[in-house]
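Notes for the one structure printed next.
These numbers come from a predicted model, not from an experiment. First listed ligand is number 1; within each ligand, the first listed atom is number 1. For this chain, numbers begin at 1 and follow the sequence in order.
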Amino acid sequence: MSDSEPISAPKSDTVCDVTVLGGGLAGKAAALHLAKAGLEVICIEPVETVRPPVGESLDWSAPELLKALGLPMEHLISEQAATWKRHVVVKMRDGSSADYIPTPWLGGAPFYIELRTLHVDRVRLDQELAKMVDGQNVTLVRDKIVRVERQGKRILSVHTARGRFSSPWFIDASGFSSSLLGREFNLPAIQHGPAKVAVWTYYPVSDPIDGTTLYMDPMPAEYLDWIWEIPINPQTVGVGYVTTGQRMKAMREQGLAVEDIFQQQLMRFPRFEPLLQAGALDAPSVTSFRCRVYRGVAGPNWLIAGEAASMVDPMTSNGVTAALRQGAEASRLILRHRKRGTLPARARMCYGSRVVQMAKFFNDGIEKIIYEPPVRNRMGLGSSGTVYTSPAWSLNVVYGRLRPDGIFSTLFLGLLLGFFRMSAWIFYQLCKRLMRQESRS
Ligand SMILES: Cc1cc2nc3c(=O)[nH]c(=O)nc-3n(C[C@H](O)[C@H](O)[C@H](O)COP(=O)(O)OP(=O)(O)OC[C@H]3O[C@@H](n4cnc5c(N)ncnc54)[C@H](O)[C@@H]3O)c2cc1C
């Protein structure tokens, strides 16, 4: 996929205003925003999605972004495509627990912050979005992009096995594992934490549960692994296990199948006994990932959105917000600059900076405060959860209110995020030093 490679003769040639690479959450969101503004959009998505849809516990900023697409919370609830998420509970194996819930007075004057959010059934959400895409000026092409044709930094077209798609503008929303333009342009990536593996499936429940529950058994000298339980609709919970690639490999080398590892991990918490006895609705899905963000996620006629731009850790519950937000921002930039035909350097820089700053803030924070031992050993997991959750929640609210766009608002956001990252880093180094001193004495 380079500008010097010859292009084989395409079987068909399609032209539109914007081509969206990938029809996941970020892709569909971008396509809808553009189509609503009257642009002719082609969204290319393979028949079989690259990864089964996952990411069901939404952060508090996601509902507003879904509403902007035409999907208010009440609609998703009434369609049984979502349940209310009123809080997050962390349950430890020793029986202790911590509850994280936004302070009620923030919902009143003068802040009026939305204190409700959702858990979503991602298959149902996808269907709702697909219906909306269908009703707009978006052509959904069921095919896989295999090649990008470009001239220098400018993209000319993308190719699938059956055809070529040309447009003045492109949005890459091809997700973490494909990251089509990140790879095409060999963009530098900033990585956070080790490679991780997630295994998840769904169980029927008779009593609806409330809130997202995370199950943990923190070991003082070890990187954290954890289990999520999310009520995706009143009758079903999603349950997943996240660990490092290295730990998963070690367990596999003991001759354990992924399903056995998953069951073993769930069996450590009594809550899962009845679910395991009832049996799962599907065979577990498995994915591996590493949190990372690309630098330079915008070019003269393209932008990257969602996990193709930045992979944030699932524990942050910020992936859906990031995908919807970046889908909206990328399309807004195209709408603003499309007559000029090129994205000005300042707009590229600001968009890229926001993507990088937010991903660094969430990934760095969760790694240093929760996953790695020094801070959580010193404060206890419950309090470290508060130290992480409060700024993470607040910064997302600030982002929603500030709607950073130009240089000054982007700079202000960067300073705010930088301040919190620096504070977390200093605190982490302090706790690490104390931990070392204690282990020596
Ligand atoms: C285990 C796990 C748990 C998570 N939990 C949460 C959570 O609780 N809360 C939360 O907010 N976020 C969560 N996330 C993150 C969330 O799932 C993602 O951030 C979000 O779905 C990203 O959407 P996207 O559109 O960027 O990527 P995707 O949903 O991956 O979409 C990319 C699309 O591009 C398509 N594609 C790929 N290659 C090509 C190609 N060559 N040609 C055409 N199309 C292509 C794919 O088929 C796919 O449909 C989780 C992520 C993981 C891995």
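Between the choices G24, S177, A308, S179, the shortest heavy-atom distance to atom 31 (O) of ligand 1 belongs to G24. Distances from atom 46 (C) of ligand 1 to the heavy atoms of E45, R142, K85 show the closest one on E45.
When each of W169, F170, F185 is checked for a ring-ring contact (aromatic ring centres under 6.0 Å, His included) with W302, only F185 meets the rule. Exactly one of S317, P102, P63 qualifies for a side-chain contact (heavy atoms from CB on, under 4.5 Å) with T117. That residue is P63.
For the ligand labelled ligand 1, residue V54 lies inside the 4.0 Å heavy-atom shell. Look at L21 and you'll find every heavy atom at least 4.0 Å from all atoms of ligand 1. Within the structure, ligand 1 has P46 among the residues with a heavy atom less than 4.0 angstrom away.
The number of heavy-atom neighbours closer than 6.0 Å to CD of E64, taken from other residues, nucleotides and ligands shown, is 12 or below. Environment of NZ in K91: sparse, with no more than 12 heavy atoms of neighbouring residues, nucleotides or ligands closer than 6.0 Å. By the 6.0 Å contact criterion, CZ on R271 is enclosed, its count of non-hydrogen atoms from other residues, nucleotides or ligands being greater than 12.
Of the N or O atoms in R122, one or more lie within a sub-3.5 Å distance of an N or O in ligand 1. Residue contacts with ligand 1: L25 is placed with a nitrogen or oxygen under 3.5 Å of a nitrogen or oxygen of the ligand (distance criterion only). The shortest N or O to N or O distance between L58 and ligand 1 is not under 3.5 Å. Taking only nitrogen or oxygen atoms, main chain and side chain alike, A323 does not reach within less than 3.5 Å of ligand 1. Geometrically, ligand 1 and P314 share no nitrogen or oxygen pair separated by less than 3.5 Å. Polar contact check, T287 against ligand 1: no nitrogen or oxygen pair lies under 3.5 Å apart. Inclusion of G175 in the set of residues having an N or O under 3.5 Å from an N or O of ligand 1 is not warranted. No N or O atom of E48 sits closer than 3.5 Å to an N or O atom of ligand 1.
For atom 11 (O) of ligand 1, the nearest protein heavy atom (residue, atom name, distance) is V320 N, 2.9 Å. In terms of protein heavy-atom proximity, atom 15 (C) of ligand 1 is closest to E307 OE2, 3.4 Å. The protein atom (non-hydrogen) at minimum distance from atom 40 (C) of ligand 1 is I145 N, 3.7 Å. Looking from atom 53 (C) of ligand 1 to the surrounding protein, the closest heavy atom is R51 NH1, 3.5 Å.
Contact atoms of ligand 1 toward E56: 7 (C), 8 (O) (distance under 4.0 Å to a heavy atom of the residue). The atoms of ligand 1 that sit less than 4.0 Å from any heavy atom of G22 are 34 (O), 35 (C), 44 (N).
Remark: T236 OG1 to R124 CZ distance equals 10.5 Å, nearest 0.5 Å. In this structure, CG on L266 lies 10.0 Å from OH on Y241, to the nearest 0.5 angstrom. With values rounded to the nearest 0.5 angstrom, Y294 atom OH is found 7.5 Å from I304 atom CD1.
In this structure, a donor-acceptor pair under 3.5 Å is absent between the side chains of Y371 and D225.
Judged purely by atom type and a 3.5 angstrom limit, R376 uses its side chain to pair as donor or acceptor with the backbone of I370.
Using a 4.0 Å cut-off between heavy atoms, P53 makes no contact with ligand 1 at all. Only the side chain of S178 comes within contact range of ligand 1, with a heavy atom under 4.0 Å; no backbone atom does. Of all the heavy atoms of S57, the ones lying under 4.0 Å from any atom of ligand 1 are found in both the backbone and the side chain. If you look at T212 next to ligand 1, there are no close heavy atoms at all, none under 4.0 Å.
Listed by chain and residue number, nothing satisfies the ring pair (Phe, Tyr, Trp, His ring centres under 6.0 Å) test with Y428 (two or more places apart in sequence, or in another chain).
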Solution key, residues 32-48 side-chain donor-acceptor pairs under 3.5 Å, sequence neighbours excluded:
| residue | atom | partner | partner atom | Å |
| --- | --- | --- | --- | --- |
| K36 | NZ | L69 | O | 2.8 |
| E45 | OE1 | G23 | N | 2.7 |

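A cation-pi arrangement is present between R325 and Y399, with the terminal nitrogen or guanidinium carbon under 6.0 Å from the aromatic centre and inside a 45° cone about the axis.
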